[in-house]
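Comments concern the structure below.
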2 protein chains.
Amino acid sequence: MIARTKRKETSQARRQLIVETAAACFIEKGFHQTSIRDIARRAGISLGNLYNYFENKTALIAEIAMLEASELDVLKNKLSKITDPAKALDRFVSLYTDHCCQQENSVLSAEIVSESFRSPDIGLGFLQNRIELVTVIADLIEKNAEREGVHPEIAPRDCAEFILDLIEGLAERSAFKGIGPARKATKALKTAIQKLVSV
Amino acid sequence: MIARTKRKETSQARRQLIVETAAACFIEKGFHQTSIRDIARRAGISLGNLYNYFENKTALIAEIAMLEASELDVLKNKLSKITDPAKALDRFVSLYTDHCCQQENSVLSAEIVSESFRSPDIGLGFLQNRIELVTVIADLIEKNAEREGVHPEIAPRDCAEFILDLIEGLAERSAFKGIGPARKATKALKTAIQKLVSV
DNA sequence: TATGAATGAACGTTCGTTCGTTCAATAAAG
DNA sequence: CTTTATTGAACGAACGAACGTTCATTCATA
């Protein structure tokens, strides 16, 4: 039995190696400029063996696209431990900004977005992910408004979308220049978000 | 002489046909899933003839990527005819929102962005275009602040980037769903932008 | 010994690109 | 105005390389 698990373990490790290698390749060259051979070679395994782990290239792309989802789950868990909605929102902005500003994440996001327009599976996963994120942020905004006894001028869900837009936009620009965002820009981002959530 | 221009004219018309056909193909299938044969077939010309007009596929992609630039020039010209900066800014928001919310523009933009990360020529063109647009908007914001005698809380250039982010984000979402943006969302967008430019 | 991981040659396509050729439009010569 | 020479647009077969995928086979381990 222990032997049986040993096999499963090494097999699962190999699978993860493939996923990580594929992600690296996709970030460097894009989905459709990366060949299965590229991934196999870089992972140090044979061409045929890769097909023991993934049915085809599309499945591999879908798997990578879903990686973002699990990363955002971690973020959502962190937020759920903060009781003050204003603090939680502020923390989210910091964490999500850091996340998005990593160049690899920005590049991969751009790849996924453009792929989403044509591949329904990937598009739906991406959308679902988005909706969950918006819901979490909108909840924070609403709770904060209730606590302060005010009626928000912008609908919470719209406001949440806007906040994500601002963060992702800033991140994309900084990824483009190849360096992290300027201190000034990050400060401006926080100011802008503050303006959006205030009445 | 008139004969000479006749040849040039038909030649130029053919060239434009190729560009437009290529754009349609790229929007439908993406840059790298579109083959030269796809374009030639759809344009109704032979494979070899296409190479009389474009050196290679990359040149064709670059040409398409630059199309956006000329479209935005039109927009900039319209703005330059409005003297009141607040009115001009409002008009810009409407026009640019309409432009971005056309699904083909959103899809093509996504394609260009992801391509920009890897192809320097396209990336620089895209960036240059962005900078010009930001400069125009930042000018409007600054003029408006001066006229009202206030000091803007967010630096005009940052604010301009944020406005573009909001518009493009909304457009991407609406393109994703395949329908135009909800009235409510467009209204929320205007409110949000108003908040950003106010002191 | 039995099982599943691992291999890489091979298959059929499709890709971007080249090239020799045809043919109609233009310019030059009579 | 005819006739002839020149141009360059248009074609599609052909090229070599690369693609995703399959499969018979080998190897290691439980």
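Protein chains get the first letters and strands the later ones, always in sequence-line order, with residue 1 at the start of each. Computed over heavy atoms, backbone and side chain alike; hydrogens, waters and symmetry mates excluded.
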Let's see if you can work this out: which of C:dA5, D:dT21, D:dA10 has an atom nearest to the side-chain heavy atoms of B:Ser46?
D:dA10
Does C:dA6 have its OP1 or OP2 closer than 4.0 Å to a side-chain nitrogen or oxygen of A:Tyr53?
yes
Using whole Å, what does the distance between atom P of nucleotide C:dT14 and atom NZ of B:Lys29 come to?
11 Å
What is the separation between atom CD on A:Gln12 and atom P on C:dA5, rounded to the nearest whole Å?
12 Å
Closest-nucleotide mapping onto DNA chain D: is A:Thr34 or A:Asn49 further toward the 5' terminus? I mean the 5' end.
A:Thr34
Let me know the distance between CZ of A:Arg15 and P of C:dG4, rounded to the nearest Å.
18 Å
With sugar-phosphate meaning primed atoms plus P, OP1 and OP2, does A:Phe54 contact a base, only sugar-phosphate, or nothing at under 4.0 Å between heavy atoms?
nothing
Interatomic distance where CD belongs to A:Gln33 and P belongs to C:dC15 [whole Å]
15 Å
Counting only side-chain heavy atoms from C-beta out, which of C:dT17, D:dC19, D:dA10 sits nearest to B:Asn52?
D:dA10
By nearest-heavy-atom nucleotide on DNA chain D, the more 5' of B:Arg37 and A:Leu47 is B:Arg37
Which donor-acceptor pairs under 3.5 Å do the side chains of residues 149-164 of chain B make with protein atoms, sequence neighbours left out?
residue  : atom : partner  : partner atom : Å
B:Glu153 : OE1  : A:Lys195 : NZ           : 3.0
B:Arg157 : NH1  : B:Thr135 : OG1          : 3.4
B:Arg157 : NH2  : B:Thr135 : OG1          : 3.4
B:Glu161 : OE1  : A:Arg173 : NE           : 3.2
B:Glu161 : OE1  : B:Arg130 : NH1          : 3.4

State which of D:dC11, C:dA6, C:dT17 makes the closest approach to the side chain of B:Ile36.
C:dT17
What nucleic acid atoms does B:Arg14 come within less than 4.0 Å of, heavy atoms only: base, sugar-phosphate, or nothing?
sugar-phosphate
Is it possible for you to say whether B:Phe117 and B:Leu127 belong to one hydrophobic cluster, with membership spreading through side-chain heavy-atom contacts below 4.5 Å?
yes
Can you measure A:His32 atom NE2 to C:dT14 atom P for me and round it to whole angstrom units?
17 Å
Expressed in angstrom and rounded to an integer, what is the separation of B:Glu9 atom CD from C:dT26 atom P?
11 Å
Is the backbone N or O of B:Gln102 less than 3.5 Å from a side-chain atom of B:Ser106, with the two atoms forming a donor-acceptor pair by type?
no
Listed nucleotide nearest any side-chain atom of A:Ser35, set D:dC19, C:dG16, D:dT21
D:dC19
Give a yes or no answer on whether the side chain of B:Asn144 reaches the backbone of B:Pro85 with a donor-acceptor pair at less than 3.5 Å.
no
Rounded to whole Å, the OH-P distance (B:Tyr51 to C:dT21) equals 22 Å
Let me know the distance between CD1 of A:Ile39 and C1' of C:dA6, rounded to the nearest Å.
18 Å
Answer with base, sugar-phosphate or nothing: what part of the nucleic acid does A:Thr58 contact at a heavy-atom distance below 4.0 Å?
nothing
Classify the ring geometry between B:Phe26 and B:Phe31 as parallel (under 30°), tilted (30 to 60°) or perpendicular (over 60°).
perpendicular
